[in-house]
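Here's the structure, in structure tokens; my notes come after.
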Amino acid sequence: MTPTVPDKPSLEGLEAKWGARWETDGTYRFDRTATRDQVFAVDTPPPTVSGSLHVGHVFSYTHTDTIARFWRMRGRDVFYPMGWDDNGLPTERRVQNYFGVRCDPSLPYDPDFTAPREPAKRAISISRPNFVALCTGLTIEDEKAFEELFRHLGLSVDWTQTYTTIGERAQRTSQKAFLHHLREGLAYQAEAPTLWDVDFQTAVAQAELEDRERPGAYHRLRFRDPDGGPLDIDTTRPELLAACVAMVAHPDDVRFQKWFGQTATTPLFNQPVPIVAHPLADPDKGTGMAMVCTFGDVTDVVWWRELHLPVRAIIGRDGRITSTPPGLEGGPFEEIRGLKINAAQTRMVELLRESGDLIGEPQPITHPVKFYERGDRPLEIVTSRQWFIRTLDHRHELLERGRELRWHPPYMQGRYQSWVNGLNSDWLISRQRFFGVPFPLWYPVRPDGTIDHQHPIAADEARLPVDPSTDVPPGYTTDQRDQPGGFAGDPDVMDTWATSSLTPQIATGWADDPDLFARTFPMDVRPQAHEIIRTWLFSTVVRAHYLHNCLPWADAAISGWVLDPDRKKMSKSKGNVVTPIGLLGQYGSDAVRYWAASGRPGVDTTFDEGQMKVGRRLSIKVLNASKFVLSRAGEADPSAAVTVALDQAMLAGLADLIDEATSAFEGYDYARALERTETFFWRFCDDYLELVKGRAYGSQGPEAQASADRALTLALSAILRLFAPFLPFVTEEVWSWWQEGSVHRAPWPAAAELGAGTPVDRLVLDVAAAVLGEVRKAKSEAHQSMRAEVRRAVVSETPERLAALRLAAADVQEAGRIAELVLEEGAALAVKIELAEG
RNA sequence: GGGCGCUUAGCUCAGUUGGUUAGAGCACCGGCCUUACAAGCCGGGGGUCGGGGGUUCGAGUCCCUCAGCGCCCACCA
């Protein structure tokens, strides 16, 4: 094929041109005839749709894309779907504000409902199905914008495989998996104390917690020991005094052993409480004696459970003091009833100070307090009925799965192990929210109108997905909803992780496409960020272990974060926010990808526009070097032999590079593959191209020219393919000048294709470039042009290197414009240069 | 409290099993219109490889220790 090389190659417009072409040609389309062993399947992270994509997405998704492109060129059929995570709280909050609505799950579906154009002043109550429809509609627009950005970035996703986490397939999959677990006893419901967010009014799982350092104070309260003497404790939660159910000290604590088994009396309320022993009580903390309340913190829950203490709850789900424990009616408790927690604490301290039961002044401290990671107020612990998936009983199997998984980088496995080792409760999957996957369950309503939670009615698997708030369980009729003798739908939804833990099953069609599933599951790789190892990665392993008794994928590729130390400075000085689309427009997608791909696996990387400039320069260099090679040698005879030592040496180095890049990619180290390829390429341009230029123009006769031409085209072909995973647009552009088809479907280069076999003196290029460098240096120091003539150059070198240099002497002379080249044996490289006059 | 990672030139980072005077890019300085590229090319200066100790013929690389930064985990009265 005769190359068609533009006069002025440019990067402008390549994204649009090739994006459209790849779509038309189905370049990245998954071939459903491939069998599992021919497939490379990627469990792409579905980005949260509420909000916008930021440079962190560009960063990590590029990493995955380079891997996908590598395996595609290696001949694998790449299954690379995209998902949108539109399920969950962020979308709910947006819809509430955007439309001025709120979800009331007790309302029936209104098929005629249309959203108000402007948010109503008073929030309109709508049914859950109507609310969900609004959520879905609002996310579609964002999803379009996300797809456009990712296409512009050049992700080689198969956009026909897109799913959403609230979509029908995700719901079907989530519900089917839940029913599986239910049948096998791996899912269960329990009425138990759980961490509760009083603002979101929902239970929260261990994985969603974070500790925040908060100011607090130790308050010393004076209880009465069994003899009526003082017995002091320190507490940060004096407002929970009315919920005190015991006092506890360490079993070995000699100060308190005489009281174990006896009864103390609380201040203010004068309630009797047992004095008990438990090893979790720390003799060095406070007075060594603690009060146990239901519930002030998770230690209270442990004590309550293990010491079989009664429940005396006072905090309601709205975060106020609501329930009055028996025996406290009419007393000082009335002073705090109805108050929020902070106000209740203030009032309690006043009351205790008045009664003389507060000893000294509160001692301010800073201590870690548990928060929901998206929440603003400390979590409380309330008792409620929730659904759980068992994890504690399977800790050892799950640890073993973690060891079976191949981690990139390997040390990331430690995060998984420490998380699993630290699990202290089963996985709480129910949420008292609306925009999520409903539980496919109903409960019988007893004749007295109460709900019989112990006998849930499961949906028919063939009918999934169901919405129990509108669908009717098998054997019932619509009019029996919420009626005595009828049924009631489960009001909760699954936590978003309960759905996203099934992304492999959703993407591969486990619930509804057995053919696809057989070709793609278990998947090959899960790319994701390190902070969600404990949530997304862990929960995905749990689901696959239970559902399929295997890992969901063989490899986990963990990406770091984008650090932005200069963010302030940038926004101050320039006043414009750096958005991904702006960067892509300014530097070009290939350049931004270059920056992203230079971030090593798992390593946090600084946001660096300088690297994008370098990437742009590299892309332009690819255009220009390719232009030179193809316009000189594009019509080279493919059967010509590479006979010149310099050419052979260059190809030998390229063969080494191919081997190194290949094994780096196989180990998920795209960054190393890029770095090595780039280094080679610059040397190829700066040294080899300069050395070979004259010969390629025919200065040394047709055979020497043919060798150069052949070497140039072989090298260009391999280099373009090595760069293709990183710079998909510019490599495709150049490829199209002289090759049929897409470079992204071309075979990954192999060292063998470069005609290896004959022994090659690899020193030739090395020595020739070194001498050329000396000549350049001399001209630079003489303030001469590189074109300046050298009358005579005397090169001293070791005999071995001199022999190598001799093989490239003609090229060196020509590149350096050296009239007379003298070679002498010496200890190390030394070059004496006499420039011509003038 | 336990664990992991990082600390190499002004900046961003490479340095794979320990081996010749420690590398790249950016920035800086100087030079050059050289027929692929002036949004380019050529050259140059610049580092006691966080501190200390050890193993070794030899340590940026291995061991110990200390410090700083970041992250993960932890029952937080």
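Residue numbers start from 1 in every chain, and the chains themselves are labelled A, B, ... in the order their sequence lines are given, proteins ahead of strands. Predicted, not measured: the structure shown is a model, and the values here were computed from it.
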- Message: Given A:Arg220, which partner from the list A:Asp357, A:Asp232, A:Asp234 fulfils the salt bridge (Lys or Arg N to Asp or Glu O under 4.0 Å) test?
- Response: A:Asp234

- When we call it a touch if two heavy atoms are under 4.0 Å apart, what does A:Glu210 touch: a base, just sugar-phosphate, or nothing? nothing

- Name the pairing partner of B:rC71, where a pair is Watson-Crick or G-U wobble with both distances under 3.5 Å, or state none. B:rG3

- Task: Could you check A:Ile620, A:Leu618, A:Val614 and say which one makes a side chain to side chain contact (heavy atoms under 4.5 Å, CB included) with A:Arg616?
- Result: A:Ile620

- Item | Residue of the set A:Trp536, A:Tyr416, A:Trp407, A:Trp561 for which ring pair (Phe, Tyr, Trp, His ring centres under 6.0 Å) holds with A:His530 | A:Trp561

- Item | Sugar-phosphate, base or nothing in reach of A:Val614, heavy atoms under 4.0 Å | sugar-phosphate

- Message: Heavy atoms only, 4.0 Å cut-off, all strands: where does A:Arg817 land among base, sugar-phosphate and nothing?
- Response: base

- Between B:rC13 and B:rG18, how far apart are the P atoms? Round to whole Å, please. 26 Å

- Task: Output the single nucleotide from B:rA36, B:rG44, B:rU12 whose closest atom is nearest the side chain of A:Ala625.
- Result: B:rA36

- Residue whose nearest RNA chain B nucleotide is more 5′ - A:Gly773 or A:His367: A:Gly773

- Item | From A:Arg222 atom CZ to A:Thr287 atom OG1, the distance as rounded to the nearest 0.5 Å | 11.0 Å

- Message: Counting the atoms with a prime plus P, OP1 and OP2 as sugar-phosphate, which does A:Lys621 contact under 4.0 Å by heavy atoms, base, sugar-phosphate, or nothing?
- Response: base

- Message: Rounded to whole Å, please give me the gap between CH2 in A:Trp595 and C1' in B:rA24.
- Response: 20 Å

- Message: Between the base of B:rC42 and the side chain of A:Ser780, is there a donor and acceptor pair under 3.5 angstrom?
- Response: yes

- salt bridge (Lys or Arg N to Asp or Glu O under 4.0 Å) involving A:Asp253 - partner list, sequence neighbours excluded: A:Arg255

- Query: Any idea how A:Phe681 and A:Phe723 line up, ring-wise: parallel (<30°), tilted (30 to 60°), or perpendicular (>60°)?
  - Reply: perpendicular

- Message: Say we look at B:rU8 and B:rG44: how far apart would their P atoms be, to the nearest angstrom?
- Response: 25 Å

- Message: Taking B:rG23 as the reference, what is the distance to B:rU61 when you measure between their C1' atoms (whole Å, please)?
- Response: 15 Å

- Any pair counted as side-chain hydrogen bond (donor to acceptor under 3.5 Å, both in side chains), so long as it reaches residues 300-309 of chain A, sequence neighbours left out: A:His278-A:Trp303, A:His278-A:Glu306

- Check every atom of B:rU35, B:rA14, B:rA74 against the side chain of A:Tyr697 and return the nucleotide holding the closest atom. B:rU35

- Message: Applying a 4.0 Å non-hydrogen cut-off, can you work out what A:Glu660 is touching in the nucleic acid: base, sugar-phosphate, or nothing?
- Response: base

- A:Asn421 CG to B:rG3 C1', in whole Å, measures 11 Å

- Item | Distance below 4.0 Å between A:His530 side-chain N/O and B:rC72 OP1 or OP2 | no

- Message: Counting only Watson-Crick pairs (N1-N3 plus N6-O4 or O6-N4) and G-U wobbles (N1-O2, O6-N3), all under 3.5 Å, who is the partner of B:rU61?
- Response: none

- With a non-hydrogen cut-off below 4.0 angstrom, is A:Lys693 in contact with a base, only sugar-phosphate, or nothing? base

- Query: Atom CG of A:Asp687 to atom P of B:rC37: distance rounded to whole Å?
  - Reply: 19 Å

- Message: Taking any heavy-atom pair under 4.0 Å as a contact, classify A:Gly422: base, sugar-phosphate, or nothing.
- Response: sugar-phosphate

- Item | P-based separation of B:rA27 from B:rA36 [nearest Å] | 25 Å

- Using Watson-Crick geometry (N1-N3 plus N6-O4 or O6-N4) or G-U wobble (N1-O2, O6-N3), each under 3.5 Å, B:rA9 is paired with none

- Counting only side-chain N and O atoms of A:Tyr218, is one of them less than 4.0 Å from OP1 or OP2 of B:rA77? yes

- Roughly, in whole Å, what's the span from CD in A:Gln611 to C1' in B:rA14? 11 Å

- What integer number of Å spans the P atoms of B:rC69 and B:rG53? 24 Å

- Answer yes or no for A:Lys613 and A:Tyr594: cation-pi contact, defined as NZ/CZ to six-membered ring centre under 6.0 Å and angle to ring axis within 45°. no

- Message: Classify A:Asp686 by what it touches in the nucleic acid, base, sugar-phosphate, or nothing, heavy-atom distance under 4.0 Å.
- Response: sugar-phosphate

- Which part of the nucleic acid, if any, lies within reach of A:Trp303 when heavy atoms closer than 4.0 Å are counted: base, sugar-phosphate only, or nothing? base

- Task: Ignoring backbone atoms, test whether A:Asn424 places a side-chain nitrogen or oxygen under 4.0 Å from the OP1 or OP2 oxygen of B:rC75.
- Result: yes

- Message: Regarding A:Arg617, tell me which of base, sugar-phosphate or nothing describes its non-hydrogen contacts under 4.0 Å with the strands shown.
- Response: sugar-phosphate

- Query: Under 4.0 Å: is that the gap between some side-chain N or O of A:Thr606 and OP1 or OP2 of B:rC11?
  - Reply: no

- Query: Could you give the OH-to-C1' distance, from A:Tyr594 to B:rA14, as a whole number of Å?
  - Reply: 11 Å

- Item | Interatomic distance at C1', B:rG60 relative to B:rC6, whole Å | 14 Å

- Taking the six-membered ring of A:Trp682, is NZ or CZ of A:Arg676 closer than 6.0 Å to its centre and within 45° of its axis? no

- Query: To the nearest angstrom, how far is A:Arg776 atom CZ from B:rC41 atom C1'?
  - Reply: 9 Å

- Message: What's the gap between B:rG10 and B:rG50 when it is taken at their P atoms, as a whole Å value?
- Response: 13 Å

- Partner nucleotide of B:rU20 by Watson-Crick or wobble geometry (both distances under 3.5 Å): none

- Quick one: A:Arg415 CZ to B:rG2 P, roughly how many Å, whole number? 18 Å

- Task: Taking the six-membered ring for Trp and the full ring for Phe, Tyr or His, determine whether the centres of A:Trp595 and A:Tyr587 are under 6.0 Å apart.
- Result: no

- Integer angstrom distance from the P of B:rC49 to that of B:rA39: 40 Å

- Can you list, by residue number, the residues of residues 668-676 of chain A that have a non-hydrogen atom closer than 4.0 angstrom to RNA chain B? A:Arg672, A:Glu675, A:Arg676

- Item | Sugar-phosphate, base or nothing in reach of A:Cys293, heavy atoms under 4.0 Å | nothing

- Task: Provide the Watson-Crick or G-U wobble partner of B:rU35, both distances under 3.5 Å; none if there is no partner.
- Result: none

- Query: Just checking A:Glu781: base, sugar-phosphate only, or nothing, at a heavy-atom cut-off of under 4.0 Å?
  - Reply: nothing

- Distance from A:Thr235 atom OG1 to A:Met348 atom CE, nearest 0.5 Å? 10.0 Å

- Query: Between B:rC75, B:rU12, B:rC41, which nucleotide gets closest to the side-chain atoms of A:Asp608?
  - Reply: B:rU12

- Task: For A:Arg632, report the nucleic acid contact type (base, sugar-phosphate, nothing); a contact means any heavy atom under 4.0 Å.
- Result: nothing

- Message: Which label fits A:Phe684 and A:Tyr688: parallel for a plane angle under 30°, tilted from 30 to 60°, or perpendicular past 60°?
- Response: parallel

- Quick one: A:Leu618 CG to B:rC41 P, roughly how many Å, whole number? 11 Å

- Query: Looking across every strand, which nucleic acid part, if any, lies under 4.0 Å from A:Asp300 by heavy atom: base, sugar-phosphate, or nothing?
  - Reply: nothing

